[in-house]
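A short write-up of the structure that comes next.
As the structure lists them, so they are numbered: ligands from 1, and atoms in each ligand from 1.
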Amino acid sequence: MAASDHVNLEQFMEGVQRRNPGETEFHQAVYEVAVDIFDFIADKEIYHEAQILRRMAEPDRVISFRVCWEDDNHNIRVQRGYRVQNNNAIGPYKGGIRFHKSVNQSILKFLAFEQTFKNSLTGLPMGGGKGGSDFNPKGKSDAEVMRFCQSFMTELYRHVGEDTDVPAGDIGVGAREIGYMFGQYKRITNEYVGVLTGKGLEYGGSLVRTEATGYGAVYFLQDMLSEAGEDMEGKTVLVSGSGNVATHAAEKATQLGAKVVTLSDSGGFVHDPEGFTQEKIDWVKEHKNKQRGRISDYVDEFKGATFHEGERPWGVECDLALPCATQNEISKEEAETLVKNGLKAIAEGANMPTVNEGVEVFREAKVLFGPAKAANAGGVAVSGLEMSQNSARISWSADELQKLLRDIMEGIHGSCLEYAKGTDGYVDYAKGANIAGFKKVADAMLAFGVV
Ligand code: NDP
Ligand code: 2IT
């Protein structure tokens with residue numbers, strides 16, 4: 001086939017939009033990757049002929065199911081559950097489960113698509129998947145969460161397995177939810193296997209998994225800065241979110257000598273100009289993630305801090321940013337404000353927190369931009385190590401796992417660099433991550449023929 005016979009980027013995206021109507025987050029995630037891949041494969045006929053990107057952007061399967069549960073007042077509640085199994089060319093499907101009222105098919109398809117490239121970048125044998133439900137855990141009792149998780153797993157168990165698909169946590173799914181789901185899987189199947197990661201240490205979990213995503217995002221930031229001859233010491237950092245990823249990103253940034261001045265939740269952001277010390281971060285972890293409180297309560301506990309209701313932190317002056325809450329939390333205008341205020345580098349702890357136009361703003365301003373699929377891969381990487389430990393029925397020490405995480409993040413940074421260096425010296429990490437992540441999965445797919 002002559003090169004001119006191939007669909008171009010616009011025709012490709014028209015097809016994605018036509019086949020996935022209304023799924024705007026999915027379109028966004030596919031476009032962000034397709035721009036770089038079309039460029040990369042322009043002179044690589046085989047990827048066109050085999051329709052590789054088209055196949056990657058069509059999930060292997062999307063499973064959706066009813067989840068019934070009974071609340072504490074004996075009302076019958078009905079939620080929708082999903083598992084999107086995007087691609088298993090290089091290993092079993094792997095990716096988190098999200099419980100949030102905003103969950104829908106578009107969001108889970110974008111996450112499963114992204115996960116495919118991210119998992120490839122880790123160098124570990126994991127395919128891409130994602131699941132979840134529109135169940136809102138806020139304000140629910142432990143017993144309600146348990147009944148929901150059990151009901152969710154009563155359907156999900158038939159689609160997952162240690163060598164088939166291995167879910168983990170994400171927004172709204174932490175140690176408590178993983179425990180309830182693992183307990184139900186074990187009860188139904190009578191098998192004690194590593195079907196989930198992010199488990200408690202007593203029942204097959206891995207040390208360092210809890211910290212891995214936030215720490216890994218900071219390691220990626222550190223490596224980008226170091227490549228540019230800079231470091232974290234004394235830098236002012238904005239962090240958004242106050243969950244698992246945000247609190248551990250803030251912790252590692254602080255340990256490396258930076259000053260983190262914001263955290264947030266869906267109610268607004270806290271600005272602490274003195275910086276979040278370990279003691280303050282520990283308070284946030286306990287208050288937000290154990291007591292299930294609100295970040296706004298921080299200002300009653302620590303003087304000198306202010307709460308900004310309904311706002312995001314991006315207007316505060318800073319050197320570095322770590323968005324760690326959710327998708328599309330940095331608009332084009334907020335990206336412009338960050339650049340105007342002196343932002344030097346940003347690493348995405350959350351998945352797709354920056355809109356595509358915002359990424360363009362960073363690129364044009366030559367701000368170092370660590371895209372989610374590279375910067376937040378530390379979490380799933382340690383999940384991969386949890387799978388290895390479960391299969392071998394052993395546990396590695398915290399020191400060993402810390403070292404493996406550090407090495408994997410450095411390896412991802414190196415893989416990005418391979419395809420990212422422009423002629424003007426600017427390192428386009430988003431492009432590097434897309435191409436490096438694509439190549440491994442694509443070449444495995446080519447080996448399998450037409451499947
Ligand atoms: P948590 O549930 O622990 O925390 C989520 C945080 O983000 C909370 O502070 C929450 O605030 C805030 N948030 C969630 N949704 C919104 C929203 N729509 N608007 C504003 N704030 C919001 O989740 P994680 O920390 O695990 O996940 C955060 C991000 O990191 C997600 O994008 C996730 O996909 C990504 N990620 C997570 C990994 C992991 O290992 N956990 C791995 C890689 C990426 P509130 O309490 O008000 O809801
Ligand atoms: O987005 C992600 O990478 C995660 N939520 C973690 C997935 C995992 O399988 O550990």
> Lys373 and Asn434: side chain to side chain donor-acceptor pair (under 3.5 Å), yes or no, with the steps?
Replying inline: CA-CA 8 Å; Lys373 59 175 79 64; Asn434 284 337; 2.7 Å; yes
>> One pair to check against side chain to side chain donor-acceptor pair (under 3.5 Å): Glu348 and Thr354. What are the steps and the verdict?
In response: CA-CA 8 Å; Glu348 296 185 322; Thr354 315; 2.6 Å; yes
>> For a side chain to side chain donor-acceptor pair (under 3.5 Å) check, start with the C-alpha distance between Asn87 and Asp60, then their side-chain angles and the critical distance, and finish with the verdict.
In response: CA-CA 6 Å; Asn87 185 298; Asp60 287 357; 5.1 Å; no
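Under 3.5 Å, the side chains of Thr116 and Asn86 contain a donor-acceptor pair of N or O atoms. For the residue pair Asn356 and Glu360, no side-chain donor N or O sits within less than 3.5 Å of a side-chain acceptor on the partner. Between the side chains of Arg80 and Ser133, no donor N or O sits under 3.5 Å from an acceptor N or O. Remark: the Ser397 side chain and the Glu400 side chain contain an N/O donor-acceptor pair separated by less than 3.5 Å.
Counting heavy atoms under 4.0 Å from ligand 2, residue Asn351 touches it through the side chain alone. With a heavy-atom cut-off of 4.0 Å, Met352 does not touch ligand 1 at all. Here Cys324 has backbone heavy atoms under 4.0 Å from ligand 1, and that is the only part of it that gets that close. At a heavy-atom distance under 4.0 Å, only side-chain atoms of Arg209, from C-beta outward, approach ligand 2. Under 4.0 angstrom from ligand 1, there are no non-hydrogen atoms of Pro353. Contact annotation: for Lys138 versus ligand 1, heavy atoms closer than 4.0 Å belong to the side chain alone. With a 4.0 Å heavy-atom cut-off, ligand 1 is reached by no atom of Gln327.
Interface of Lys118 with ligand 2, defined as ligand atoms under 4.0 Å from a residue heavy atom, comprises 1 (O), 2 (C), 3 (O). In summary, the atoms of ligand 1 found under 4.0 Å from a heavy atom of Arg98, numbered by their order in the structure, are 31 (C), 32 (O), 33 (C), 34 (O). Taking a cut-off of under 4.0 Å to the non-hydrogen atoms of Ser264, the atoms of ligand 1 that pass are 9 (O). Using a 4.0 Å cut-off to heavy atoms of His100, the atoms of ligand 1 that qualify are 15 (N). Below 4.0 Å from some heavy atom of Gly349 lie the following atoms of ligand 1, by number and element: 30 (O), 35 (C), 36 (N), 44 (C). Distances below 4.0 Å separate heavy atoms of Ser242 from the following atoms of ligand 1: 9 (O).
Heavy-atom proximity to atom 11 (O) of ligand 1, evaluated over Thr197, Asp265, Val382, Asn136, is greatest for Asp265. One option in Ser296, Pro137, Gly243 has a heavy atom closer to atom 8 (C) of ligand 1 than any other, and that option is Gly243. Comparing heavy-atom distances from atom 40 (O) of ligand 1 across Thr210, Thr213, Ile171 singles out Thr213 as nearest. Counting heavy atoms only, Thr326 comes closest to atom 19 (N) of ligand 1 of the residues Thr326, Asn351, Ile295.
The closest donor-acceptor contact from the side chain of Lys199 to the backbone of Ala175 lies at 3.5 Å or more, if one exists at all.
Among the atoms of Gly172, some N or O lies under 3.5 angstrom from an N or O of ligand 1. Where the criterion is an N or O separation shorter than 3.5 Å, residue side chain and backbone included, Gly241 fails it with respect to ligand 1. Any N or O atom pair closer than 3.5 Å counts here, and Lys130 shares no such pair with ligand 1. Between Asp170 and ligand 1, at least one pair of N/O atoms sits closer than 3.5 Å. Considering backbone and side-chain atoms alike, Arg294 places an N or O below 3.5 Å from some N or O of ligand 1.
Taking the six-membered ring where tryptophan is involved, the planes of Phe148 and Phe99 are perpendicular, since the angle between them exceeds 60° and thus also 30°.
Judged by the 6.0 Å and 45° rule, Lys186 forms no cation-pi pair with Tyr203.
Between Arg312 and Glu334 a salt bridge is recorded (basic side-chain N to carboxylate O distance below 4.0 Å). Remark: Lys109 does not engage Glu25 in a salt bridge, criterion side-chain N to carboxylate O under 4.0 Å.
Here Phe276 and Tyr298 bring their ring centres to under 6.0 angstrom of each other. Annotation: Trp69 is not in aromatic contact with Phe152 [ring centroid separation under 6.0 Å not met].
In this structure, Lys288 counts as a contact residue of ligand 1, since one of its heavy atoms falls inside 4.0 Å of the ligand.
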